[in-house]
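First listed ligand is number 1; within each ligand, the first listed atom is number 1. These values consider heavy atoms only, across backbone and side chains, with no hydrogens, waters or symmetry-generated copies.
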Amino acid sequence: MDPRYDIPHRAAGSGRGSENSSPALGAQSRRRKMPPRPADFKLQIIIIGSRGVGKTSLMERFTDDTFCEACKSTVGVDFKIKTVELRGKKIRLQIWDTAGQERFNSITSAYYRGAKGIVLVYDITKLESFDDLPKWMKMIDKYASEEAELLLVGNKLDCEGDRIISRQQGERFASRISGMRFCEAAKDNFNVDEIFLKLVDDIISKMPLEVPSKELSNSVLSLQPEPEVPPELPPPRLRCC
Ligand SMILES: Nc1nc2c(ncn2[C@@H]2O[C@H](COP(=O)(O)OP(=O)(O)OP(=O)(O)O)[C@@H](O)[C@H]2O)c(=O)[nH]1
């Protein structure tokens, strides 16, 4: 893995402190009570793609380093949080996992607008999921911000024997979309951290990181709290051919 991508491990233990700690543990418990350094940025990333391509598995692998053998199909949207450090900045990622079933499009479309990064996933063993890509691009064009970074992921690389979509086909599709990156991955942790971190790196490399600290803290404060409700719909944009 690229050493620039430094992911802090989750703190071990229950994290439950006690007001009556022994003096010998005083310094240690005081250290434990230090509030964590606030994030410099908060970013939203949305994962989209047809049903069963592995969106939930990718999210869980990246955020919790696990995957479920038989995930339930996502209903509407779900999200997880992960904090990473890149380019000396602490970045709190909110990763939205959307349902692949078309009947949820009216719900999931509301989450596109706030996303700074969009991961569009297909299954390399399912032609239909690849054929659906233009449909997903239409959703992106209609609902996402024009500035959002796009990443196309051909998933289930561990099923090479059942592959139907070649790597070249994936690359060709991505090359036709302005600024879209492409890679292949698998839930057993092939390329998963790398794809998310590369996407975040692409996003923050375009952000003004060297602004004066006062402005930076203002920009953090101005970021919205975790969106419990979908943001307003964006104006349509034209990107897809
Ligand atoms: N072999 C293999 N199976 C995978 C991979 N990723 C996901 N799966 C399996 O594919 C099935 C669907 O995975 P999900 O992660 O639920 O797919 P999803 O895209 O979130 O599905 P929806 O929520 O219905 O849109 C599950 O049985 C997963 O275990 C992978 O990389 N390799």
Mind jotting down which protein residues get a heavy-atom contact under 4.0 Å with ligand 1? Chain and number order, please.
-> S50, R51, G52, V53, G54, K55, T56, S57, C68, E69, C71, S73, T74, A99, G100, N155, K156, D158, C159, A186, K187

Should the heavy atoms of other residues, nucleotides or ligands under 6.0 Å from NZ of K187 be counted, would the total exceed 12?
-> yes

Among all residues two or more places apart in sequence or in another chain, which pass the side-chain hydrogen bond (donor to acceptor under 3.5 Å, both in side chains) test with Q101?
-> S73, R103

By side chain to side chain contact (heavy atoms under 4.5 Å, CB included) - contacts of L127 (at least two apart) = D131, I164, I165

ring-ring contact (aromatic ring centres under 6.0 Å, His included) involving F130 - partner list, sequence neighbours excluded | Y122

Within a reach of under 6.0 Å around CD of E102, are more than 12 heavy atoms found that belong to other residues, nucleotides or ligands?
-> no

Got a sec: does the CZ of R51 have more than 12 other heavy atoms crowding it under 6.0 Å?
-> no

